[in-house]
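This report refers to the structure that appears directly beneath it.
Quick note on labels: first sequence line is chain A, next is B, and so on, each numbered from 1. Below, each value reflects all heavy atoms present in this structure, side chains not excepted, and no hydrogens, waters or symmetry copies.
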Amino acid sequence: MCGIAGFFGSAVPPDAAPALLRRMAAALDHRGPDENGVHSEPGIGLAHARLSVVGLADGQQPMVDASGALVVSFNGEIFNHVELRARLQRRGRRFATGSDTEVLLHLYDEMGTACLDALNGDFAFALWDARRGRLWLARDRMGVRPLYHAEIGGTLYFASEVKALMAVPGFSAEPDPFALDQIFTLWAPIAPRTAFKGVSELPPGHMMIAQGRERTVRPWWRLEFPRDGDFDTPADPAGQLGVLLEDAVRLRLRADVPVGAYLSGGLDSSLVTALAARQAPGRLETFSLGFRSAEHDESGWQAQVAERLGVANRRVSCAEEGIARDFARVVEHAECPVLRTAPAPLYRLAGLVRDSGMKVVLTGEGADELFAGYDIFHEAAVRRFCARQPGSPRRPLLFRRLYPYLPQLQRQSADYLARFFAAGADGLADPLFSHRPRFRATATAKRFYSPALKDALAGYDAAADLAAHLPEEFGRWHPLNQAQYLETRFLLPGYILSSQGDRVMMAHGVEGRFPFLDPRVVAFAAGLRPGLKRRGLREKAIVKEVARDLLPASVVARPKQPFRAPDSRAFCGPAARPLVDAALSREALAAAGLFNLAMVDKLKSKALDGEVTSFKDNTAFIGVLSAQLWHRGFVAKRPHRGKTG
Amino acid sequence: MSEGFHDKIRAFIVETFLFGDDSEPLPGDLSLLENDLVDSTGVLELVGFLEADFGLAVDDADIVPANLDTVDRIAAFVERKKAA
C-alpha cells in the first residue's frame with residue numbers, strides 16, 4: 001500500500017522533474033512511510049511513496065521492466081499474484097523480484113490493458129509504456145484505492161491524493177460548488193467530480209489512456225445485476241458463498257508482514273475474523289473501537305466474539321473530546337467535507353493498528369451493500385409495502401420496528417410515519433425511490449448556503465444529476481438491486497471506502513483489505529435472488545447462514561447496528577470550543593463565502609448548547625463545520641501559483 | 001387570541017427550523033412536512049414547545065399531521081386544547 005503521483009506532458013522541464021516528483025511524493029508520506037522513489041524521462045514522471053507489505057526487499061518503485069520500456073508506479077495489492085506469476089512462469093516469463101507489481105508489468109506486456117480482467121486486487125496505478133508513448137492509469141473495480149488527476153498548462157498530473165497535486169506549481173485549490181451540492185445531498189461527490197474545481201477522480205473500475213494531448217477515460221468493469229426475475233441462484237448458495245469468502249480471506253492474508261482484522265462485534269467483521277482465525281490459528285490480532293456513549297458502544301459483542309474465536313483483541317476507547325480533537329485532521333485526510341463524524345473514530349482505530357506495529361487489516365466492509373444489510377433497503381421495501389395500501393393505519397408502524405434505536409420515531413403516529421418516509425403511492429417509478437427520503441432529509445442542510453453559493457448553483461439538482469448517471473439497464477433490475485447499485489456504485493467508493501476507509505487508514509500507513517469486495521464474491525452476490533439477502537425485516541440472510549457455525553448464535557441473530565458516532569454532541573464540550581469558534585467565526589464564514597452567517601450563528605449556538613439532536617440539524621452542523629475546515633485547510637492556504645519548473 | 005397564537009407559533013418555527021431565516025414568507029397553510037421544515041425530531045421539538053409555552057398536555061394520539069402540519073392547524077389545535 002502506497003501513494004503514487006506523476007505527470008505526463010511537456011510543462012515540466014527535465015531538470016526540474018525529479019524535484020517536483022519528490023515534492024509530490026513527500027505530500028503522500030503518510031501513505032508510504034517506508035521509502036520513496038521517482039523516475040523521470042522527458043515528458044513523463046512517476047513518483048512513489050512505499051508502504052512495504054509484499055516483496056519487502058525487492059519491491060522498490062517506480063519499477064522498470066527488463067526491457068526498460070515499461071515503468072509502473074503501483075498503489076495497492078494484487079491478491080492473486082501468486083497464481084498469475086505461476087501462469088506467467090509456465091509461459092517462460094522470468095521474474096527479478098517477488099513483488100506483485102512485477103506481475104502487472106509482465107501481464108501488461110503480454111495482454112495490454114485487457115490484463116485488468118485477470119487481477120483480483122485493490123489498486124490504482126500509472127504505467128508508462130515508452131514503446132507506444134502512452135501513459136495508462138487504472139483503478140480497481142470497487143474504488144478501494146484513490147486516483148485523482150488534473151490538467152495544468154496542457155500537462156496531466158495525477159496522484160493518490162489531491163495534496164500531491166497541490167505541490168504542482170500553478171495548481172489552484174478552489175471549491176467546486178456542484179460537488180459541494182452533491183455532498184450536501186448524496187453524501188459524496190459523483191465521480192469524476194471532486195470537491196476541488198478542476199480536479200477529477202478516476203472513477204472506480206475505469207482507466208485512462210493519455211497519449212500526446214489525447215485523454216481517453218473509459219470503464220473496464222461495471223457493476224451489473226440480472227434483469228428482474230432472471231436470477232441464477234445456485235444449489236446450496238450459502239455453501240458456495242462460504243467457499244468464496246474463505247478463499248477471498250485466504251488471498252487477503254497474503255503478505256510479508258502480519259495481517260490483523262477489525263472486529264466491530266457485528267456480523268460481517270466477526271465472520272471475516274472467524275475465517276481468518278481459522279487460517280491463522282492462534283496468530284490473529286484484532287482491533288476494536290469502544291465508545292463511552294452506551295448507544296454507540298459494542299464492546300460486549302466484541303469481547304464475546306474474541307473469546308469464542310480465541311483471537312487477541314486490542315481496543316481503543318473513543319470519547320466525544322477525541323472526536324472533536326481529531327476532526328480537523330480527519331477532514332484534511334478526507335480532502336472533502338463530510339456529513340458525519342464517523343471517520344474520526346476510524347482514524348483513531350487505524351492509529352491503534354499502527355501503534356501495535358501492524359500495517360494490514362481485514363475488515364467486513366462491503367457486506368452491507370452486496371447482501372443488503374443497511375436499513376435503507378428495508379426502509380424502501382416497507383415504503384413499497386405501505387404504498388400498496390395507502391392510508392393503512394398499521395403498515396407505517398413497521399418504521400418503528402425498523403429503527404428501534406431512534407427514540408423520536410417511537411412516539412409517532414402511523415400518519416406521521418407514513419409522511420416522514422414518503423410512503424405514499426407516488427414515486428414508485430422514480431429510479432431514486434429507495435434513497436429519496438435520505439436525499440431529501442440531507443438536502444435540508446442546503447438552507448444554510450450563502451446567497452452566492454445558491455447563485456452559483458443556479459437551480460442545480462444533484463439528485464437529478466445522479467439519476468442521469470444510472471446505466472440504461474437500471475430500470476430492468478429488481479428494486480432491491482436498484483437500491484444496492486446506488487449504495488455500491490456511489491456511496492461505497494465516495495464515502496465509505498474513502499472518508500471512512502482508505503483516507504483514515506492511510507493517514508496512519510495502514511492498509512485495509514475487504515474480502516466481501518473480492519470480485520468473485522461481488523459477482524456471486526449480484527446474481528442472487530433478492531430473497532436470499534433480505535427476508536422480511538431480516539438482513540443479510542445468506543451471510544447469517546454462512547456465519548451460523550462459526551460465530552456465537554447471539555451475534556448471528558442480533559439485528560444490524562449501523563456504525564455511528566456522536567455527531568454534534570462531540571463539539572459541545574469546552575475542549576472543542578476553540579475549533580468551532582475559529583471554523584465558524586463570522587470572518588471565516590465570510591472568507592469562505594459558502595454559508596449564511598446569521599443562520600450558521602444560530603446553528604452553532606444550538607450545537608454548543610447540546611440541542612442539535614435531529615438528523616437534519618446534525619447533518620447541517622457537521623457538514624458546515626467540515627466544509628469550513630476543508631476550506632481553511634486547502635483553499636484558504638492559497639497554494640503557490642508560480643510557473644511550472 | 002388566535003392571531004397571537006399564530007405569531008408565537010410562526011416565530012418558533014422560524015427560529016427553530018429555519019434558524020432565523022425569514023426571507024421567505026411562511027403562509028399559515030404551508031405544510032411543514034412537505035417543505036422539509038420538520039422531521040421526526042422536529043415534531044417532538046414542536047410538541048415540547050406547545051407543552052412548555054402554552055401549558056398544554058399533548059397526548060401521543062394528538063401527534064398527527066392533522067393537528068400539527070401547518071401554522072393554522074397548530075393554532076387551531078392550541079385553541080381547542082385551551083378551550084377543553
Side-chain angles (χ1 to χ4, degrees), chain A residues 185 393 396 399-400 402-403 406-424 426 436-451 454 568 595-607 611-621 624, chain B residues 8-27 29-54 56-74 76-78 80-81:
Chain A
T185 310
F399 291 115
R400 289 190 196 157
L402 201 53
Y403 295 105
L406 297 180
Q408 71 273 20
L409 287 187
Q410 307 309 316
R411 271 189 81 186
Q412 305 287 354
S413 61
D415 199 0
Y416 254 131
L417 289 168
R419 301 277 292 274
F420 291 139
F421 291 98
D426 297 345
R436 245 349 142 175
R438 182 201 282 174
F439 292 163
R440 276 187 68 170
T442 303
T444 58
K446 297 180 192 187
R447 290 213 177 88
F448 293 89
Y449 284 177
S450 66
K454 284 181 186 165
S568 301
F595 301 107
N596 180 308
L597 275 56
M599 288 177 74
V600 172
D601 254 355
K602 287 185 193 290
L603 177 65
K604 177 180 142 191
S605 302
K606 195 172 177 179
E611 287 172 6
V612 162
T613 52
S614 68
F615 173 94
K616 66 185 181 69
D617 290 355
N618 262 310
T619 302
F621 180 73
V624 170
Chain B
K8 201 166 163 182
I9 293 162
R10 189 176 273 113
F12 169 79
I13 290 169
V14 168
E15 190 63 19
T16 310
F17 302 129
L18 290 170
F19 293 86
D21 178 23
D22 56 3
S23 57
E24 303 274 334
L26 184 63
D29 61 351
L30 184 95
S31 164
L32 303 181
L33 269 172
E34 300 303 322
N35 292 281
D36 298 315
L37 292 181
V38 297
D39 56 8
S40 53
T41 310
V43 168
L44 298 186
E45 280 184 86
L46 177 61
V47 169
F49 157 72
L50 297 178
E51 289 177 336
D53 284 47
F54 291 97
L56 306 181
V58 180
D59 298 331
D60 281 4
D62 291 328
I63 307 176
V64 290
N67 289 334
L68 303 176
D69 195 36
T70 68
V71 173
D72 289 347
R73 285 184 198 178
I74 299 167
F77 173 68
V78 172
R80 279 200 309 279
K81 285 297 253 188

Look at the side chain of A:Gln412 and the backbone N and O of B:Ser40, then say whether any donor-acceptor pair between them is shorter than 3.5 Å.
yes
Contact part of [X] toward chain B, heavy-atom cut-off under 4.5 Å: side chain, backbone, both or neither?
{"X": "A:Phe448", "result": "side chain"}
{"X": "A:Thr444", "result": "side chain"}
{"X": "A:Asp617", "result": "side chain"}
{"X": "A:Arg411", "result": "both"}

Any idea which heavy atoms bring B:Val64 and A:Tyr416 closest together, and the distance?
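Shortest heavy-atom contact: C-CE1, 3.5 Å.
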Under 4.0 Å between a Lys/Arg side-chain N and an Asp/Glu carboxylate O for A:Lys606 and B:Glu45?
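Salt bridge: yes.
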Answer yes when B:Asp69 and A:Arg419 have at least one side-chain N-carboxylate O distance shorter than 4.0 Å, and no when they do not.
yes
Could you go through the side chain to side chain contact (heavy atoms under 4.5 Å, CB included) check for A:Asn596 and B:Phe19 one step at a time?
CA-CA 10 Å; A:Asn596 180 308; B:Phe19 293 86; over 6 Å; no
When you look at CD of B:Glu51, are more than 12 heavy atoms from neighbouring residues, nucleotides or ligands closer to it than 6.0 Å?
yes
Does the pair A:Arg447 and B:Leu37 meet the rule for a side chain to side chain contact (heavy atoms under 4.5 Å, CB included), with working shown?
CA-CA 10 Å; A:Arg447 290 213 177 88; B:Leu37 292 181; 3.3 Å; yes
[X] versus chain A, the contacting section by heavy-atom distance below 4.5 Å:
{"X": "B:Glu34", "value": "both"}
{"X": "B:Asp62", "value": "neither"}
{"X": "B:Ser23", "value": "neither"}

Distance col, row B:Asp60:CG vs A:Gln410:CD, nearest 0.5 angstrom, shows 11.0 Å
Interatomic spacing from CG in A:Leu409 to CG in B:Asp39 - rounded to 0.5 Å:
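These two atoms lie 9.0 Å from each other.
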